[in-house]
**Q** 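Below you'll find the structure I mean.
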There are 2 protein chains.
Amino acid sequence: MNEQSYPEFTGLELSPRKVDYLKFILEKEGTVKTTEISSGLQVDPSTTSKTLNELASAGYLNHVPYRGVDLTELGEAYTQFLVRRHRILSLLLTHYGLSPEEACDEVSRFEAFVSREAVDKICSSMGHPMFGVCGEISHGKCLHEENHH
Amino acid sequence: MNEQSYPEFTGLELSPRKVDYLKFILEKEGTVKTTEISSGLQVDPSTTSKTLNELASAGYLNHVPYRGVDLTELGEAYTQFLVRRHRILSLLLTHYGLSPEEACDEVSRFEAFVSREAVDKICSSMGHPMFGVCGEISHGKCLHEENHH
DNA sequence: CAAAAATTTGGATATATACCAAGTTTTGAA
DNA sequence: TTCAAAACTTGGTATATATCCAAATTTTTG
């Protein structure tokens, strides 16, 4: 089967900032250089370098020093969850009077503290919407879980 | 008029833990002792003592050393917002398949990062519900704002 | 009033972020 | 191809939050 299985995760593993790094790296796809990330996230390259090391140690990234990083399989799967979480929560808030931009900004501040369990329930309760306010929503893992329960 | 006005706040002023302290103190009403808070929040009294100092310095509490703390007017108004935020967000999540307990727990983790602006919009969009899943919701400040716009 | 309980202070640790300066590696232009 | 510039990493430092323990202080109480 093509469906890769990863150990369970709560969705609370990473700090807000680390979530930013992974989302940024996923967007760029392929190998990403330190400078690119530093510009994107507006931080000193030395900060990026350190954070990349931490994410690599935790198994989310492959880091070839001086060369760049790319997502591991775990990192890819995890980051797909991060993106789905962001989009589901943003979409949710637009149903309560927030504009897409407001919703995105708001969610960016707190998303790292919303569990996968909650996201899956919300997602399911919304009928697994395909379109968020900041991109398409893919439900691989989410629907997968649901099938098995 | 009885309606006290306070400088604007974003709702993002306090860390998650400080939010816990204020909510706990509001619940108890009147003067609260360090030990009481320490037991309630499961932390060492020395930790409580330090946090209480910080909250007092920031103007949310009156702290009489060795005697206890109580909310200032600002602290009271602010904490009422904190409680409303918690209840509105919890109620919201119960509309998406989370049980009241799950919703409360989930919200406790991220509420500190949800702005007053967003809460007011959500609240308004929900029709200023009077009952949450963990207590009555009062809308003093929320409705007040709305009248002026 | 003196011992016990409560509280505070000082010192230490841990995590998360981030900067600067200095050193290392890669790149690219002459 | 070589060597200077650019990119990257490391080491050191800093702030903010949160926590504990041990020691000192204040209040309470038997």
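Per chain, numbering begins at 1; letters A, B, ... match sequence-line order. Values reported hereafter were calculated over all heavy atoms of this structure, with side chains retained and with hydrogens, waters and symmetry mates removed.
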**Q** Go through the structure and list residues passing side chain to side chain contact (heavy atoms under 4.5 Å, CB included) with Arg109(A), not counting sequence neighbours.
**A** Glu106(A), Leu12(B), Phe113(B), Ser115(B)
**Q** Could you list all the ring-ring contact (aromatic ring centres under 6.0 Å, His included) pairs where at least one residue sits in residues 18-56 of chain B, not counting sequence neighbours?
**A** none
**Q** Any chance you could list the contact pattern along nucleotides 16-22 of chain D? Use B for base contacts, S for sugar-phosphate-only contacts and - for none, protein heavy atoms under 4.0 Å, 5' to 3'.
**A** -SSBBBB
**Q** Can you tell me the distance, in whole Å, between the NE2 atom of His63(A) and the P atom of dT10(D)?
**A** 8 Å
**Q** Measuring to OP1 and OP2 of dT28(D), would you say a side-chain N or O of Arg67(B) lies under 4.0 angstrom away?
**A** yes
**Q** Any chance you could pull the hydrophobic cluster mates of Tyr66(B), using side-chain heavy atoms under 4.5 angstrom and chaining through other members?
**A** none
**Q** Among dA6(C), dT10(D), dT8(C), which nucleotide sits nearest the side chain of Ser49(B)?
**A** dT8(C)
**Q** Please give, in whole Å, the distance from dC19(C) P to Leu41(A) CG?
**A** 11 Å
**Q** With sequence neighbours left out, write down each residue that passes ring-ring contact (aromatic ring centres under 6.0 Å, His included) with Phe110(A), or none if nothing qualifies.
**A** Phe110(B)
**Q** Got Glu102(B) and Glu117(A) here, is their nearest side-chain heavy-atom distance under 4.5 Å?
**A** yes
**Q** Can you name the ring-ring contact (aromatic ring centres under 6.0 Å, His included) partners of Tyr60(B), sequence neighbours left out?
**A** Tyr78(B)
**Q** Return the value, rounded to whole Å, for the distance between atom CG of Leu55(A) and atom P of dA16(C).
**A** 11 Å
**Q** From the list dT9(D), dT10(D), dT27(D), which nucleotide is the closest neighbour of the side chain of Asn53(A)?
**A** dT10(D)
